[in-house]
There are 2 protein chains.
Amino acid sequence: MRDIIATTSPGVDPLLTSVRRAYALGPFAEAVVSSKKPTIDDVARHCGVARTTVSRVLNGGPNVRDEVRQRVWASVKALDYRVNPQARSLAGGQSRMLALIVASDLDAQPNSFYASALELGALRECLGLGYQLLTRHVAQDRPNRREQVLELIRSQRCQGVMLTPPFADDVELIESIQALDCHAACISPGGAGRDAADGVGIDDAAAGADIARRMIDLGHRRFAFMAGIPGHLAAERRHEGLRGALAAAGLDPDEVAVVRGDFTFRSGAALTPQLLEAPTPPTALICANDDMAAGALSVAHGRGIDVPGRLSITGFDDTPVSEVIWPPLTTVHQPLREMAGEAVRALSGRIGGDRSPPRFVTLSHAVVERASAGAPPGARLRARA
Amino acid sequence: MRDIIATTSPGVDPLLTSVRRAYALGPFAEAVVSSKKPTIDDVARHCGVARTTVSRVLNGGPNVRDEVRQRVWASVKALDYRVNPQARSLAGGQSRMLALIVASDLDAQPNSFYASALELGALRECLGLGYQLLTRHVAQDRPNRREQVLELIRSQRCQGVMLTPPFADDVELIESIQALDCHAACISPGGAGRDAADGVGIDDAAAGADIARRMIDLGHRRFAFMAGIPGHLAAERRHEGLRGALAAAGLDPDEVAVVRGDFTFRSGAALTPQLLEAPTPPTALICANDDMAAGALSVAHGRGIDVPGRLSITGFDDTPVSEVIWPPLTTVHQPLREMAGEAVRALSGRIGGDRSPPRFVTLSHAVVERASAGAPPGARLRARA
DNA sequence: GTGAAAGCGCTAACAG
DNA sequence: CTGTTAGCGCTTTCAC
């Protein structure tokens, strides 16, 4: 890598010139532009102040005259200088690195829109706040799953981590993370996770009740519920909300057929036949997420079952799948991007020194009525709520 | 943060003990476990060698006796030591950071499965190779789009960048990246990008021809093509392949109706009505990607058009959408994860010192026949290829 | 083979 | 308000 000399007198050794620039504040100081990335010292030299002062300006520190501040910024612009994050991190312990932990097996599962939406939301907020985001997919059934996330934090000196279910309720993991001087923010923690760290989510019980009530209002009486993995506490809460709504309507929650999938399209498809083949099949199938609902819908199509004419199917999350399939899915909107953004903000606040007790932010959800749910076959439509 | 003393005699000041550990190789050397992260010096002290030696062992360098090598590794294990990437990067200029540039507007577009698959593939390979991945979404129509990716590279000292279309063919961008001492790898470059940097992709022209031929074989004669953005050269090549196949079959390529979307479901849905309302509507609609095909399919459903009975629709990419919708999409499989993995490997090789001329790796594609395409209405099925 | 010494570029006390 | 002095933890010459 050769130095590039912008202005120099003929016959002057370029190397010498650049050395001169490096060790003296001579007349060449401004004329020489090196191809090597400028350092904070270059900036300091360029505007004749101490390195510390530049550092203060860069970090918005106090005790710098406005006039100097301006000059420093001018030099920064002039030299096209930017801080070396590695050096900053080494010296100050500020890696400005955040991580998003997603529960999924990179090898087995197809990409999930849920995770993708969360990542996008986090990415956007990180961009604005000047953080970098590392996304890590961890298979939730691996015995060393905790070690995998801790390893990432240690190795990258992450300052904050976002945990999705079921990690969001893994208090042991959360505490291990905090022991590493790293902040944690839980996305949709369903229980214990809320006390251990900041969290963000919707009122899952209410959301479950809302979608159930909507189906009850449409006239449905025979329900089936497609649940997710047991460790996903938020999803369990939705289930509880659903049961509560059923009971409130005078129905017996224990009569609803329950099957458990793993939130994938595939599991949704695999579980549907047994539901359809029951002696008295449900008229409404409430699924714990959109992907499983899509799987169920696909099976219904395959069997020529009219949706929603004969079977109503609902999802949860309102991810893009719900708009892409036919009929478009009636589902519960969950503001995933905003949730991730909120998690990043919470982390940013903690990194900034906020020591208040863990906070849980509840964002609002909404039942989105599209076309996959309607009145049950032969039912008179009851008065709408 | 308090030091944790594993073994100590009563009355000994913990702090003193840890100081002793720090400055002497006394009897406490092994007994003391500090909560502070161990450094390379701790390891060196632990097994009585110089820091340099530990560094050599860690980096697989030469000139270390095997016996010493073993001891060093033992100490590393014993202390649960791991290198500080920031420090390593500062000293050696190895950030081990890669970036994936995706063309999309974080605010406007829904998450794309295409980008997601690429990211997952890259993530997996990075994990194995010890790199970290930064994903950056850049809106392709922003005037400062190039600056955004260069900024990321500069600020994070990325050693390699993967470019997706249309960035994959932006030679000016590629050269700017290389000028920053960063390697570039192009995913599906369609033209110029191939000469400027390593690349990976499928034979797009052949893939376009294959899917067209398949439809011709099914008996279709009236085609429509839903193209993507013009800058996506790989997609343009598919278009060329399609035209070639048509011509080879004695059909006039100029007779196929062409509309241009932006690869989103929404654009696919928006563009379909005009195709359907033509005086002689197509019997086969070939789309440049799965999302647009899904959009088209959705419109067909809405109008009660039987797919594939009256209209055949095909996608491209074989992303998860194609399996989730009904009927499942006939499409062209593109090994997106493998492509991203290959790009990471190429980058890794370059970082490792490979200076050979840019290489383009062609992976194989395949027409995946599902249910969205069939014989045109009233046609006798021609002999299959 | 191994070690000592010199930084990489930055932040953070601590003086003035 | 500003500058001086130490490191942060590691890689890399260069001696031995």
Side-chain angles (χ1 to χ4, degrees), chain A residues 1 22-23 25 34 36-72 75-76 79-96 154-157 159 181 351 353, chain B residues 1 22-23 25 34 36-72 75-76 79-96 130 154-157 159 181 351:
Chain A
M1 246 184 306
Y23 293 100
L25 240 158
S34 166
K36 196 90 183 58
K37 291 153 189 161
T39 74
I40 193 173
D41 286 321
D42 293 323
V43 177
R45 215 173 293 119
H46 182 97
C47 71
V49 296
R51 183 202 305 181
T52 317
T53 302
V54 178
S55 176
R56 282 201 191 93
V57 173
L58 256 27
N59 298 293
N63 293 344
V64 183
R65 260 183 317 166
D66 248 23
E67 185 262 328
V68 174
R69 218 177 270 278
Q70 310 260 313
R71 265 171 46 216
V72 170
S75 295
V76 166
L79 299 179
D80 191 31
Y81 165 81
R82 40 213 88 208
V83 297
N84 178 325
Q86 278 85 26
R88 162 180 283 176
S89 164
L90 221 210
Q94 295 282 304
S95 66
R96 294 205 78 82
R154 268 192 295 249
S155 77
Q156 296 303 310
R157 308 305 209 248
Q159 297 187 273
D181 272 333
I351 292 167
Chain B
M1 246 185 304
Y23 295 100
L25 240 159
S34 167
K36 195 91 184 57
K37 292 154 190 162
T39 73
I40 194 174
D41 286 321
D42 293 323
V43 177
R45 216 174 291 119
H46 182 98
C47 70
V49 295
R51 184 203 303 182
T52 318
T53 303
V54 178
S55 177
R56 283 203 190 90
V57 173
L58 256 27
N59 298 294
N63 293 344
V64 183
R65 262 183 317 166
D66 247 23
E67 186 260 330
V68 175
R69 221 175 266 279
Q70 310 260 311
R71 268 171 43 217
V72 169
S75 294
V76 166
L79 298 179
D80 190 31
Y81 165 81
R82 43 211 87 209
V83 297
N84 178 325
Q86 277 86 27
R88 162 178 286 176
S89 163
L90 220 208
Q94 296 283 304
S95 66
R96 294 206 78 82
R154 268 192 294 249
S155 76
Q156 296 303 310
R157 309 304 210 246
Q159 297 186 273
D181 272 330
I351 292 168

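All chains are named by letter (A, B, ...) in the order of the sequence lines, taking the proteins before the strands, and each is independently numbered beginning at 1.
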- Can you check the A/Lys37 NZ to C/dC8 C1' distance for me, whole Å? 12 Å
- With heavy atoms under 4.0 Å as the rule, sort B/Asn63 into base, sugar-phosphate or nothing. base
- Roughly how far apart are B/Ser95 OG and B/Arg88 CZ, rounded to 0.5 Å? 11.5 Å
- Atom-pair distance (CZ on A/Arg154; P on D/dG9), nearest Å: 16 Å
- Of A/Arg69 and B/Ala91, whose nearest nucleotide on DNA chain D comes first from the 5' end? A/Arg69
- Query: Taking all non-hydrogen atoms of both residues, which atom of A/Tyr81 and which atom of A/Ile40 are closest, and how far apart?
  - Reply: CE1-N, 3.4 Å
- Message: Expressed as a whole number of angstroms, how long is the span from A/Gln156:CD to D/dC10:C1'?
- Response: 15 Å
- Starting at OG of B/Ser75, measure out to CG of B/Asp80 and round the result to the nearest 0.5 Å. 13.0 Å
- Quick one: which of C/dA4, D/dG7, D/dC10 gets closest to the side chain of B/Val83? D/dC10
- Message: Output the rounded distance in Å from CG (A/Asp41) to P (D/dT4).
- Response: 12 Å
- Item | Side-chain touch B/Gln94/B/Ser89, heavy atoms, less than 4.5 angstrom | no
- Message: Under 4.0 Å, heavy atom to any atom of DNA chain D: which of residues 51-59 of chain A qualify?
- Response: A/Arg51, A/Thr52, A/Thr53, A/Arg56
- Return the value, rounded to whole Å, for the distance between atom CG of B/Asn84 and atom P of C/dC8. 18 Å
- Is any side-chain N or O of B/Arg65 closer than 4.0 Å to OP1 or OP2 of C/dG1? no
- Taking the side chain of B/Ile40 as heavy atoms from C-beta outward, which of C/dC8, C/dC10, D/dC10 is closest to it? D/dC10
- Message: Quick one, A/Val83 and A/Leu58 - any side-chain contact, counting heavy atoms below 4.5 Å?
- Response: yes
- Message: Quick check: do A/Asp181 and A/Arg157 have side-chain heavy atoms less than 4.5 Å from each other?
- Response: no
- Can you check the A/Leu90 CG to C/dG7 C1' distance for me, whole Å? 12 Å
- Item | Comparing B/Arg157 and B/Ala50 on DNA chain C - which has the more 5′ nearest nucleotide | B/Ala50
- Query: Under a 4.5 Å cut-off applied to non-hydrogen side-chain atoms, are A/Val57 and A/Val54 in contact?
  - Reply: no
- Message: Rounded to whole Å, please give me the gap between CZ in B/Arg96 and C1' in D/dT11.
- Response: 14 Å
- Could you state the atom-to-atom distance from CD of B/Glu67 to C1' of C/dG1 in whole Å? 12 Å
